[in-house]
**Q** 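Here it is, the structure in full.
All values reported here derive from a predicted model rather than from experimental measurement.
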Amino acid sequence: MNDFFDIDDDQQTSETVSPHAPLAEQLRPKKLDQIVGQDQLVGENGALHRMIVAGKFSSIIFWGPPGTGKTSLARLLANETDLHFKAISAVFSGVADLKKVFAQAEQQQNNGKQTLLFVDEIHRFNRSQQDSFLPYVEKGTVILVGATTENPSFELNAALLSRTQVLILNRLDSQALGQLLEAAEALLSQILPVTDIAREALIASADGDGRFLLNQAETLFSMDIAEPLDAAELAALLHRRMAVYDKDREGHYNLISALHKSMRGSDPQASLYYLARMLVAGEEPLYVLRRLVRFASEDIGLADPQALLQTLAAKDAYEFLGSPEGELAIVQACLYCATAPKSNAAYVAQKAAWKSAKQTGSLMPPQNILNAPTQLMKDIGYGKNYSYDHERDEGFSGDNYWPEEMDSDNFYNPVNRGFERKVRERLDYWEKLRREMVG
């Protein structure tokens, strides 16, 4: 079996780390109190701390960004218990590996010992592979500890989730990352050869990923640098870190949601920030444009009919110019939408009308508004007594257009903002005329 820890069955997880191991491995915490940035889990009131104190463990899914301590926590859990420890990676393991692990776990259970099974990248197992864990978790043959960077709600079976407790690891903040750098300096008895400002830039470039930060630091420690590097020199040496973004994963949906809600909230600055986050990270510009077009109809509507034209014009401009020049048109459309008056009246009206249509879809319209292209249809009353609105005063007949079997409904209610204020005035005026005709 491909055991990514490379640990034998009888070997302890607290083994001595080779001095030639990567810096991140050398600094891997040996005790829970050495974990940084996850006080909500390992602090005095943290879920893991309470489990260890109580000596009772349930199956766990660690969910968090890369480099936040998921693997370290799993190893420390093994150290804190007398459970038999096994670790596999879903990247390298298949059905045969799982069968072997479960068989060994059953043997350990027969010997009176439970197995703590750590599965890294557990979301990479398919649904049937995830299902194979269920009977062994259910019977207590294994205590499952899974690690994932993806949202468990989307990537893990509901049945497996119901048998585990999801513990969320935070992205490491600047204070936690700074502690990692200090620990590295203490271990190597070296000071990182950068200025204070460059040190802050290095921490910011890690984007909450402790492993990435230590890898970058290790590169700097290995170089013969005579004078501390400033921020510009550091950036030139290490190059910039690409934004963490996967177009078919949760980060994609998080950012498009943030963009949509920032525009809805009329915050052009935040809207532009999230737009930049997506495009800089490599999002397909036409996907963003499709979302802007949708936004123009859903959240602006007739409050500013120009919004839809602006977003479609941005799409045409981008297709004509391409990147990077055409991205300015996307920016323009984003800012237009963020600063336009907002209304979801059309969106609400659509949902209400669709619901009504599904409930009353077989009702005939009144005969007076039906077309009569044949004599037979005229003879049975199609089009009879139709009022041609252009021939009436005010260009309005006030006729009834609803099926006889249902009352008129009120789907569209324009708001008192932007152009819909004018629309509201028209509707009120026509309703006044209708009442006068009835009276």
**Q** Could you pull out the closest heavy-atom pair between L292 and A333, with the gap in Å?
**A** CD1-CB, 4.1 Å
**Q** How many angstroms lie between CH2 in W354 and NZ in K351, if you round to the nearest 0.5 Å?
**A** 12.5 Å
**Q** Check for a donor-acceptor pair, side chain of T164 on one end and backbone N or O of S59 on the other, with a separation under 3.5 Å.
**A** no
**Q** For the SG atom of C334 and the CD atom of Q310, what is their distance to the nearest 0.5 Å?
**A** 12.0 Å
**Q** So how far is it from L289 CG to E327 CD, rounded to the nearest 0.5 Å?
**A** 10.0 Å
**Q** Treating E233 as the side-chain partner and D230 as the backbone partner, does any N or O pair qualify as donor plus acceptor under 3.5 Å?
**A** yes
**Q** Can you name the nearest heavy-atom pair linking L169 to G69, along with the distance?
**A** CD2-C, 3.7 Å
**Q** Taking Q216 for its side chain and L213 for its backbone only, find out whether a donor-acceptor pair lies under 3.5 Å.
**A** no
**Q** What heavy-atom pair brings Q129 and N126 nearest, and what distance separates the two atoms?
**A** N-OD1, 2.8 Å
**Q** Tell me whether D428 is salt-bridged to R424, with the criterion being a basic N under 4.0 Å from an acidic carboxylate O.
**A** yes
**Q** Working to the nearest 0.5 angstrom, can you tell me the gap between L77 CG and I143 CD1?
**A** 9.0 Å
**Q** Tell me whether E425 at atom CD has more than 12 heavy atoms from other residues, nucleotides or ligands lying less than 6.0 Å away.
**A** yes
**Q** More than 12 heavy atoms of other residues, nucleotides or ligands under 6.0 Å from NZ of K139: yes or no?
**A** yes
**Q** Hey, does L188 have a side-chain heavy atom less than 4.5 Å from the side chain of L23?
**A** yes
**Q** Hey, does the side chain of D267 reach the backbone of S262 with a donor-acceptor pair shorter than 3.5 angstrom?
**A** no
**Q** As a quick check of understanding, evaluate side chain to side chain contact (heavy atoms under 4.5 Å, CB included) for L220 and L237, giving each step before the final call.
**A** CA-CA 9 Å; L220 293 172; L237 179 65; 3.6 Å; yes
**Q** Keeping K342 on the side-chain end and A340 on the backbone end, is there a donor-acceptor pair under 3.5 Å?
**A** yes
**Q** Between SG of C337 and NE2 of H260, what distance do you get to the nearest 0.5 Å?
**A** 9.5 Å
**Q** Could you go step by step and tell me if W402 and D407 meet the side chain to side chain contact (heavy atoms under 4.5 Å, CB included) rule?
**A** CA-CA 7 Å; W402 293 87; D407 296 329; over 6 Å; no
**Q** Would you check, one step at a time, whether the test side chain to side chain contact (heavy atoms under 4.5 Å, CB included) holds for L98 with F133?
**A** CA-CA 9 Å; L98 290 176; F133 287 90; 3.7 Å; yes
**Q** Would you check if the side chain of Q26 reaches a backbone N or O of A21 as a donor-acceptor pair within less than 3.5 Å?
**A** yes
**Q** Any heavy-atom pair between the side chains of L180 and L27 that's under 4.5 Å?
**A** no
**Q** With distance as the sole criterion, is a donor-acceptor pair present between the side chains of E420 and Y412 under 3.5 Å?
**A** yes
**Q** Nearest heavy-atom pair of L234 and A198: which atoms, and what distance?
**A** CD2-O, 3.3 Å
**Q** Shortest non-hydrogen contact from L177 to A206?
**A** CD1-CB, 4.2 Å
**Q** Under 3.5 Å, is there a donor-acceptor pair linking the side chains of Q38 and Q40?
**A** yes
**Q** If you define the side chain from C-beta out and look only at heavy atoms, does anything of H123 sit under 4.5 Å from T149?
**A** yes
**Q** In the structure I gave you, are the side-chain heavy atoms of N151 and Y253 within less than 4.5 Å of one another anywhere?
**A** no
**Q** Verify, without hydrogens or angle tests, whether S257 (side chain) and N254 (backbone) share a donor-acceptor contact under 3.5 angstrom.
**A** no
**Q** Does the side chain of V101 come within less than 4.5 Å of V142's, by heavy atoms?
**A** no
**Q** Starting at OG1 of T115, measure out to CZ of F102 and round the result to the nearest 0.5 Å.
**A** 10.5 Å
**Q** Within a reach of under 6.0 Å around CG of D196, are more than 12 heavy atoms found that belong to other residues, nucleotides or ligands?
**A** no
**Q** Taking CD1 in I197 as the centre, count heavy atoms belonging to other residues, nucleotides or ligands within less than 6.0 Å. Is the count above 12?
**A** no
**Q** Using modelled atom types only, decide if a donor and an acceptor are shared between the side chain of Q130 and the backbone of F125 within a distance under 3.5 Å.
**A** yes
**Q** Using a 6.0 Å cut-off, check whether atom OH of Y401 has over 12 heavy atoms from anything other than its own residue.
**A** yes
**Q** Has N111 got a side-chain atom pairing as donor or acceptor with K113's backbone, closer than 3.5 angstrom?
**A** no
**Q** Within the 4.5 Å heavy-atom criterion, are F419 and D304 side-chain neighbours or not?
**A** no
**Q** Decide yes or no on salt bridge (charged side-chain N to carboxylate O under 4.0 Å, His left out) for R171 and D207, but give the supporting numbers first.
**A** CA-CA 8 Å; R171 172 182 176 276; D207 196 23; 3.1 Å; yes
**Q** Tell me whether E44 at atom CD has more than 12 heavy atoms from other residues, nucleotides or ligands lying less than 6.0 Å away.
**A** no
**Q** Is R291 close to L259 at the side-chain level, that is, under 4.5 Å between some pair of heavy atoms?
**A** no
**Q** Please give me the minimum heavy-atom distance between L214 and A24, naming the atom from each residue.
**A** CD1-CA, 3.8 Å
**Q** Just wondering, do R421 and N416 contact through their side chains at under 4.5 Å, heavy atoms?
**A** yes
**Q** Would R290 and E284 pass as an ion pair if we require N to O under 4.0 Å?
**A** no
**Q** Stepwise, does the side chain to side chain contact (heavy atoms under 4.5 Å, CB included) test hold for L167 with L73?
**A** CA-CA 11 Å; L167 299 182; L73 283 173; over 6 Å; no
**Q** Looking at A352, is its backbone amide N or carbonyl O close enough to the side chain of S356 to form a donor-acceptor pair, meaning the two atoms are under 3.5 Å apart?
**A** no
